[in-house]
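Any value given below was found using the heavy atoms of this structure, including those in side chains, with hydrogens, waters and symmetry copies removed.
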Amino acid sequence: MAHGGLIVAVDAIDVRFPTSRELDGSDAMNPEPDYSAAYVAIRTSGGEEGFGLAFTVGRGNDVQVAAIRALAPLVVGLPVADVLGDLRGFSERLTGDSQLRWLGPHKGAIHMAAGAIVNAAWDLYARREGKPLWRLLAEMPPAQLVGLVDFRYLRDALTPEEALDILRRAAPGREQRQKELLARGYPAYTTTPGWLGYTDEKLVRLAREAVADGFGLIKLKVGADNDVDIRRVALAREAVGAGTRIAIDANQAWGVEQAIAWLRSLAPYDPYWIEEPTSPDDILGHAAIRRAVMPIKVATGEHCHNQVMFKQLLQAGAIDVLQLDATRVAGVNENIAILLLAAKFGVPVCPHAGGVGLCEMVQHLAMFDYVAVSGSTEGRVIEYVDHLHQHFADPVVIREGHYVAPEAPGIGARMHPESVAAYTFPDGPQWSHVRAPST
């Protein structure tokens with residue numbers, strides 16, 4: 001690999017946006033969220049940079065930034081060529097440190113911290129290669145992709161040989177799908193109309209605008225009040241008509257039996273999927289809900305800790321839709337494993353992207369999946385929300401309800417320096433006059 005040098009710094013910056021002021025992002029479990037990012041910059045002795053982040057909400061960023069800083073000594077001083085030449089080994093170095101691993105293992109703030117740093121390393125790699133991440137991955141030989149995955153806990157569900165076969169079967173169509181992706185983009189759905197704190201009038205107006213903008217699926221937040229949910233879902237159905245899909249998202253608000261009863265009350269309005277109907281850790285609960293509420297699909301994954309939990313959700317027949325997240329698990333390597341698992345089990349991946357920078361980052365994973373793994377966009381859409389993109393150097397572009405494939409090198413996480421400076425907590429000018437705790 002060209003260029004030498006060392007990693008000389010891993011910066012972690014607490015960036016928070018006051019989204020609670022307009023109730024953007026509000027749902028049954030997060031009524032007044034301030035969308036936040038533990039923002040990571042890897043810097044090299046040659047002046048190169050790579051960027052990543054972990055998405056959090058408000059005060060959670062205190063813990064997330066501290067976790068990233070705890071991992072930084074494992075990274076600073078490493079030769080850049082060694083890191084980029086063995087990104088699986090780099091990932092395992094961060095997730096396998098015995099003292100910090102104890103805080104997971106492979107879950108929670110310490111795992112997300114590893115993911116933010118791993119993603120920043122991938123960003124550095126993609127920038128060096130002059131390619132967007134989706135193209136960098138999609139053009140890798142199948143054997144190289146398989147070599148990025150840790151199969152230790154997956155072999156009972158997916159072997160390296162099976163993963164290699166999945167990728168080899170998709171290889172002949174890669175070039176054509178890449179052309180189609182560049183021409184048409186990747187299907188999107190929008191959560192913009194559905195935040196729980198919005199008025200009925202705002203919900204209806206934004207739902208109609210979404211259909212006019214070319215979105216074939218909108219998503220509404222539910223779970224706080226059954227009567228209110230029935231009213232809002234009915235209003236949305238009336239606004240968009242029978243031809244537009246409506247997904248609903250409970251954000252973990254219900255127990256298993258409560259979820260089943262609540263969903264039966266909403267069934268007359270033909271919800272396409274129910275997202276996070278119960279605890280994200282309850283694999284058997286998701287399976288029970290799925291059996292009880294068919295044909296409503298069950299979707300989850302944005303709070304799924306790691307590839308092992310995704311493996312079990314698939315083995316248990318607990319989900320119809322897998323919603324991976326760019327920053328919840330330990331970065332690109334683990335998400336490649338999750339995409340391969342989903343392909344093995346034939347479950348479509350519809351990534352989560354409601355948050356800071358998630359649209360910018362997760363589009364690369366979905367596009368890689370289409371070009372090189374599943375080979376399909378059937379039943380697959382990427383979430384889109386319309387706020388905070390202006391803070392990113394390479395913001396997403398949506399055209400006629402589709403993500404336009406990014407051409408800029410990297411993973412999409414790089415923020416404008418002036419945005420970072422303005423929204424750094426607690427001393428940035430957007431926060432320095434606010435002394436109440438961030439929510």
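- Side-chain polar atoms of Ser374 and Ser376 form no donor-acceptor pair below 3.5 angstrom.
- Ring planes of Tyr384 and His389: parallel class, angle under 30° (limits at 30 and 60°).
- Between Ser279 and Asp281, the side chains place no donor N or O within less than 3.5 Å of an acceptor N or O (distance only, hydrogens not considered).
- Remark: aromatic rings of His106 and His111 are close, center separation under 6.0 Å.
- Comment: Glu48 does not engage Arg43 in a salt bridge, judged by the lack of any side-chain N to carboxylate O separation of less than 4.0 angstrom.
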task = Please report the C-alpha distance between Leu137 and Leu133 in whole Å, then the side-chain angles of each, then the deciding distance to 0.1 Å, and finally whether the side chain to side chain contact (heavy atoms under 4.5 Å, CB included) criterion is met.
result = CA-CA 6 Å; Leu137 294 174; Leu133 177 72; 3.9 Å; yes
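- Using a 4.5 Å heavy-atom cutoff, the side chains of Pro351 and Val349 are in contact.
- Remark: the backbone N or O of Leu87 is not paired with any side-chain donor or acceptor of Ser91 at under 3.5 angstrom.
- Closest of all the heavy-atom pairs between Thr95 and Ala330 is CG2-CB, 3.8 Å.
- Asp123 places a side-chain N or O within 3.5 Å of a backbone atom of Phe51 that can act as its donor or acceptor partner.
- Contact between Leu182 and Ala405 at its shortest, heavy atoms only, is CD2-CB, 4.0 Å.
- Two residues are said to be in side-chain contact when any heavy atoms from C-beta on lie closer than 4.5 Å; Val329 and His305 fail this criterion.
- To the nearest 0.5 Å, the span separating CD on Gln315 from CG on Asp156 amounts to 5.0 Å.
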task = Apply side chain to side chain contact (heavy atoms under 4.5 Å, CB included) to the pair Val8 and Thr44, showing each step before the final yes or no.
result = CA-CA 5 Å; Val8 295; Thr44 75; 5.6 Å; no
request  = Take Tyr403 and Val396 through the test side chain to side chain contact (heavy atoms under 4.5 Å, CB included) and record every step on the way to the result.
outcome  = CA-CA 7 Å; Tyr403 275 78; Val396 295; 3.7 Å; yes
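- Under a 3.5 Å cut-off, the side chain of Trp134 and the backbone N or O of Val371 do not form any donor-acceptor pair.
- The heavy-atom pair separating Val332 from Val118 by the smallest distance is N-CG1, 4.2 Å.
- More than 12 non-hydrogen atoms from other residues, nucleotides or ligands lie less than 6.0 angstrom from CD of Gln390.
- Between atom CD1 of residue Ile13 and atom OG1 of residue Thr424 there is a gap of 6.0 Å, rounded to the nearest 0.5 Å.
- Without hydrogens or angle criteria, Asp249 side chain to Lys221 main chain gives no donor-acceptor distance under 3.5 Å.
- In this structure, Pro132 and His364 have side chains that are in contact, with non-hydrogen atoms separated by less than 4.5 Å.
- Surrounding CZ of Arg88 are more than 12 heavy atoms belonging to other residues, nucleotides or ligands, all under 6.0 Å away.
- Side-chain N or O atoms of Thr377 include none that pairs as donor or acceptor with a backbone N or O of Arg380 at under 3.5 Å.
- Put simply, the side chain of Val321 reaches to within 4.5 Å of the side chain of Gln323, judged on heavy atoms.
- Looking only at distances, no side-chain donor or acceptor of Asp394 sits under 3.5 Å from a matching main-chain atom of Ala408.
- A side-chain N or O of Lys219 and one of Tyr189 form a donor-acceptor pair less than 3.5 Å apart.
- Checked by atom type and distance alone, the side chain of Thr159 never pairs as donor or acceptor with a backbone atom of Arg155 at under 3.5 Å.
- Looking at Lys107 and Asn306, their side chains never bring a donor and an acceptor atom within 3.5 Å of each other.
- At a cut-off of 3.5 Å, with distance as the only test, a side-chain donor of Asn333 or Trp122 sits close to an acceptor on the other residue.
- Of all non-hydrogen atoms in Val356 and Ala37, the two that sit nearest each other are CG1-CB, 3.9 Å.
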Exercise answer: donor-acceptor pairs, residues 69-80 side-chain atoms, under 3.5 Å, sequence neighbours excluded:
residue	atom	partner	partner atom	Å
Arg69	NH2	Ala12	O	2.8

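- Both tests pass for Arg245 against the ring of Tyr272: distance under 6.0 Å to the centre and angle within 45° of the axis.
- Side-chain contact between Val240 and Ile246 is present, with heavy atoms from C-beta onward closer than 4.5 Å.
- Looking at Arg184 and His402, their side chains never bring a donor and an acceptor atom within 3.5 Å of each other.
- Two residues are said to be in side-chain contact when any heavy atoms from C-beta on lie closer than 4.5 Å; Val373 and Ile336 fail this criterion.
- In terms of heavy atoms, Glu302 sits closest to Asn251 at OE2-ND2, 4.4 Å.
- Judged purely by atom type and a 3.5 angstrom limit, Glu209 has no side-chain atom pairing as donor or acceptor with the backbone of Pro193.
- Note on Asp34 versus Arg16: no salt bridge recorded, every NZ/NE/NH1/NH2 to OD/OE distance being 4.0 Å or above.
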task = Go through the steps to decide whether Ile117 and Phe90 satisfy the test side chain to side chain contact (heavy atoms under 4.5 Å, CB included), and finish with yes or no.
result = CA-CA 10 Å; Ile117 297 172; Phe90 180 66; 3.8 Å; yes
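- Nearest heavy atom pair, residue Tyr39 against residue Leu53, reads CA-CB, 4.2 Å.
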query = salt bridge (charged side-chain N to carboxylate O under 4.0 Å, His left out) between Asp97 and Arg93: does it pass, once the steps are laid out?
reply = CA-CA 6 Å; Asp97 178 87; Arg93 176 181 180 87; over 6 Å; no
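- For Arg168, the CZ atom is loosely surrounded, since the number of other residues' heavy atoms within 6.0 Å does not exceed 12.
- Using bins of under 30°, 30° to 60° and over 60° for the plane-to-plane angle, the ring pair Tyr186/Tyr370 lands in the perpendicular bin.
- In this structure, the ring of Phe17 has its center less than 6.0 angstrom from the ring center of Tyr423.
- Note that CG of Leu263 is 5.5 Å distant from CD1 of Ile248, once rounded to the nearest 0.5 Å.
- Side-chain contact annotation: Thr56 with Gln64, donor-acceptor N/O pair under 3.5 Å absent.
- Of the charged side-chain nitrogens involved, none lies within less than 4.0 Å of a carboxylate oxygen, so that Glu360 and Arg414 do not count as a salt-bridged pair.
- Counting heavy atoms from C-beta on, the side chains of Leu324 and His352 never come closer than 4.5 Å.
- A donor-acceptor pair is defined here as one N or O able to donate and one able to accept, closer than 3.5 Å; such a pair exists between the side chain of Arg237 and the backbone of Asp270.
- Judged by distance alone, with hydrogens and angles left aside, the side-chain atoms of Arg328 form no donor-acceptor pair with the main-chain N or O of Cys304 at under 3.5 Å.
- Side-chain contact of Gln252 with Glu276: a donor-acceptor pair under 3.5 Å is present, judged by distance alone.
- Contact of the Leu158 side chain with the Lys311 side chain is not registered, since no non-hydrogen atoms from C-beta on lie closer than 4.5 Å.
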